[in-house]
Amino acid sequence: MSVLLEVRGMSKSFRGLRAVTDASFDVPHGAIRALIGPNGAGKTTCFNVIAGVYRPDNGIILFDNHPIQNLRPDQVCSAGIGRTFQLVKPFAALSVVDNVVVGALQRASNVSAAKKQAAEIVERMGLGPKKDQLASSLTLPDRKKLEVARALATRPKLLLLDEVMAGLRPTECDQMVEFFREINRADGLAILLIEHVMRAVMALAQHVIVLNHGEVIARGTPAEVVRDAAVLQCYLGEEAEV
Amino acid sequence: MNRAHGLLALLVACLAALPLVANSYVLSVATLILFFAYAGQAWNVMMGFAGQLSLGHSLYVGVGAYAAAGLYFHFGLGAWAGIWLAIALCVLLGAAIGFLAFRFGISGVYFALLTIAFAEFTRIGFDHIQWLGGPGGLFIKVEHRVGWDLVNLRGAPAMFYYVMLALSAAAFALCAGLLRSRAGYYWQAIREDEEAAQALGINTFRWKMLAVVISAAMTAVAGVFFAFYYNNLFPEQIFHISRSIEIILGPIIGGLGTLFGPILGAAVLTVLADGITELLAALGWEFPGVKQVFYGIVLLAVIMFLPHGIWPALARKLGVGK
Amino acid sequence: MDPVNVINLVLAGVLTGLVYGLMALGLSVIFGVVRVVNFAHGEMMTIAMYAAVVLFATLGLDPFLAVLPVAAVFFVLGYALQAGLINPFITRPEHSQFMLLVAVALIMVNALLIAFGPSARSVQLDYLLESIEVGPLLLDRGKVLAALVALATSALLFAFFKLTRTGKAIRACADNYLGAKVVGLDVKHLYALTFGLGSACVAVAGCMMVLLVDVTPVLGPAYTLLAFVIVIVGGLGSMTGALLGGVLIGVSEALAGLFITPSAKSMFSFGLLILVLLLRPQGLLGKKT
């Protein structure tokens with residue numbers, strides 16, 4: 001497998017506070033990898049740098065061998081990276097399906113094509129019965145599904161999921177895991193997920209990168225990482241669902 | 001949708017037949033309603049669709065009006081020429097304001113203040129442009145009021161009514177089309193959550209600029225109409241912040257971001273305001289400013305109790321969509 | 001151009017500017033803490049000016065004395081406005097609150113128009129017409145006294161926020177709404193208090209301003225915009241910035257009146273606002289958000 005996303009020596013500070021220091025990791029084509037670490041470790045900052053919200057102070061980010069560290073968020077999406085937000089951001093006044101149409105318009109040549117694609121994705125995510133409801137009326141698990149559906153509508157090659165399992169019940173979490181496994185298998189979509197819910201990490205990720213205080217402290221398969229001494233130390237006292 | 005189409009057809013028919021039955025006073029009120037419906041629709045593109053609050057739209061009305069009036073006054077060129085100059089100038093102005101605001105990340109209330117500042121700056125500036133009349137005003141000769149000269153916008157009041165009706169209808173159609181298009185979806189996404197919109201591949205700067213420019217261009221046309229309908233322009237009046245507020249009352253009261261909102265709002269407001277003024281005059285209370293107090297009260301009431309405007313609630317009652 | 005003349009003019013500008021500053025201080029406090037864009041600020045000032053005129057005309061009350069009752073009344077009304085009209089809608093989008101105050105401003109200006117008519121009113125006090133000589137410089141007595149009152153009121157406000165418990169609580173709300181609530185502060189009450197204080201400032205400024213200019217209803221919107229220019233130029237959230245901004249505007253108006261046509265002086269203020277919004281939105285002394 002060749003590498004789809006490569007992050008090399010990336011650093012980012014905010015007014016003197018070093019959020020991420022010299023981080024390097026990659027995501028191969030069609031792989032599912034997880035980024036874990038305690039709160040404040042710099043995980044969302046990594047996402048925001050990859051997604052173009054911030055420009056890194058140092059380092060290179062290569063996507064499909066093209067440097068993307070200087071791109072705007074909308075350009076990053078065009079390049080093929082989709083993302084969800086930790087605190088979901090639905091277009092509240094639009095219906096569920098219209099939310100997804102906005103995403104589908106990224107690749108579709110006109111509105112009717114986008115509508116068709118959006119309807120398919122909405123069905124696939126299990127939001128069919130609610131497709132004409134206003135996004136503001138959805139429950140949190142459905143809003144999370146909508147967030148994912150919208151990002152998927154942009155037909156990304158890599159999907160960045162920011163704590164998508166938070167707040168979901170175990171059965172809902174398992175459904176999501178199964179869904180991601182399915183699209184990874186069927187469409188070859190690569191996924192990089194930030195997660196605290198270990199249940200999902202163990203089930204989904206083939207490879208895990210551990211961040212603490214902005215630095216990568218461990219990497220390996222889930223099984224290896226949960227036994228790593230450094231990882232155990234940084235999580236000591238933290239609650240983790242396993 | 002059939003019900004909606006039916007009602008719409010009925011409305012258009014009534015509006016088209018109005019000059020045949022109405023006296024000149026009613027006609028002038030109706031023309032005013034249509035003017036504000038049109039201007040409100042233009043403003044709605046920027047605010048209701050794209051979420052950018054402009055409180056300086058009088059800038060475009062004024063520049064459009066003076067551009068057309070100036071051409072006619074100094075060079076004898078009619079509205080047919082003035083309209084192009086008006087649109088060109090306002091597109092440039094809108095683009096400049098939009099560029100400055102969006103490049104520098106100015107949004108929300110600060111954007112509103114920026115638009116106010118530009119309008120005020122221009123108001124005072126035009127007071128000093130003697131070539132366009134200065135504070136004393138620019139007056140256009142009123143000739144042949146019978147018969148219709150559409151090209152130069154000289155004619156009977158009925159002509160002006162139909163021109164405004166056509167403009168309103170065109171604006172309605174344009175906005176309906178825009179709302180259903182990619183632009184409409186993108187604008188609404190930007191309005192709801194700009195960051196999320198960017199993450200979905202939308203170049204928010206470009207689309208916000210488009211909204212501003214379209215809104216400015218449409219408003220410029222309203223200015224041209226204003227010039228040839230009223231035949232006199234004063235910087236103090238046309239660029240004043242009260243004009244900007246009058247423009248936004250219709251859409252806010254009627255319903256932001258909807259198609260019928262601006263029209264309904266303008267109609268309700270004008271009819272009620274004129275009604276109250278007439279009533280008070282009959283009681284012997286004639287004061288300047290009563291109408292404006294009334295506007296303020298209605299605006300207050302709508303914001304407090306019907307925050308989405310009158311149209312959405314009415315639409316539900318009538319059983320039609322947006 | 002006599003240099004002494006220019007200096008006199010600049011000093012006059014400084015004095016007027018301090019009254020502007022007090023008005024802007026009220027807005028800075030309201031905007032900075034409650035985050036409400038008080039579009040009715042200038043209108044409130046105009047109402048205060050009319051109040052001083054009426055009290056002088058009917059009771060012969062000197063504006064310097066009228067300051068106390070007018071400020072007290074404004075404090076109560078400001079509190080009521082925030083508590084009754086704005087607090088209930090605090091969760092609404094920003095532009096909703098803005099429009100709410102636009103509506104209030106609209107009602108205020110035109111109510112004044114109905115009540116007092118469009119012609120100018122003023123307060124004529126003989127002892128204000130004297131000039132104070134400081135060496136070669138000539139200062140208008142009215143302006144000096146007005147400026148002193150403005151300074152004193154500002155100092156009181158500063159002291160309130162720095163030293164009293166309630167003042168610190170209000171500052172806490174401004175810094176961190178949620179945190180303040182969590183710690184048990186009655187944020188809604190404190191917001192209303194703040195609006196009341198801001199209104200009281202405006203009341204004092206109005207009583208003083210009527211000594212310097214004649215009042216007409218249309219001054220309302222002009223002062224609102226001026227207050228925003230000052231607050232934004234001086235820096236949001238900075239009380240010193242509001243005073244400094246006021247003085248800056250007062251001086252620039254005086255100088256603009258000298259070098260270019262007086263009617264163009266507001267153009268300068270708006271031009272300055274545009275520049276500041278674009279280049280340094282946090283203003284001269286404000287904190288970057």
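A, B, ... follow the sequence lines: proteins, then strands. Residue 1 opens every chain. Note that the structure is a prediction, hence the values are computed from the model and not measured.
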Minimal non-hydrogen separation, [X] against [Y], with atom names:
| X | Y | answer |
| --- | --- | --- |
| B:I252 | C:M99 | CD1-CE, 3.4 Å |
| C:A103 | B:G296 | CB-O, 3.5 Å |
| C:V104 | B:L300 | CG2-CD1, 4.0 Å |

By salt bridge (charged side-chain N to carboxylate O under 4.0 Å, His left out), which residues pair with C:E43, not counting sequence neighbours?
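Result, salt bridge (charged side-chain N to carboxylate O under 4.0 Å, His left out) vs C:E43: none returned.
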Output all residues satisfying salt bridge (charged side-chain N to carboxylate O under 4.0 Å, His left out) with B:E194, sequence neighbours left out; order by chain, then residue number.
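With neighbours one apart ignored, the set is B:K208.
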Checking heavy atoms, do the side chain of [X], its backbone, both or neither come under 4.5 Å from chain C?
| X | result |
| --- | --- |
| B:L53 | side chain |
| B:F111 | neither |
| B:M304 | both |
| B:I116 | side chain |

Side-chain heavy-atom pair [X], [Y] within 4.5 angstrom cut-off:
| X | Y | result |
| --- | --- | --- |
| B:F294 | C:N110 | no |
| B:V293 | C:L106 | no |
| B:I124 | C:F270 | yes |
| C:F98 | B:L55 | yes |

Under 4.5 Å from a heavy atom of chain B, the part of [X] involved:
| X | answer |
| --- | --- |
| C:L278 | both |
| C:L101 | neither |
| C:I107 | both |

Tell me the residues of residues 237-245 of chain B whose non-hydrogen atoms fall below 4.5 Å from those of chain C, in number order.
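Listed by number: B:I241, B:I245.
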Output the option from [options] having the highest count of non-hydrogen pairs under 4.5 Å with chain B.
| options | value |
| --- | --- |
| C:L279, C:V229, C:V109, C:L225 | C:L225 |
| C:V102, C:I114, C:L273 | C:I114 |
| C:L113, C:L100, C:I274, C:L112 | C:I274 |

Verify side chain to side chain contact (heavy atoms under 4.5 Å, CB included) between C:L277 and B:F104, making sure each step is shown before the conclusion.
CA-CA 9 Å; C:L277 275 176; B:F104 289 93; over 6 Å; no
With sequence neighbours excluded, give me every salt bridge (Lys or Arg N to Asp or Glu O under 4.0 Å) pair touching residues 305-315 of chain B.
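Salt bridge (Lys or Arg N to Asp or Glu O under 4.0 Å) check on residues 305-315 of chain B returns no pairs.
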Value rounded to 0.5 Å, distance of CD1 in C:I232 from CG in B:L113:
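The CD1 atom of C:I232 sits 4.5 Å away from the CG atom of B:L113.
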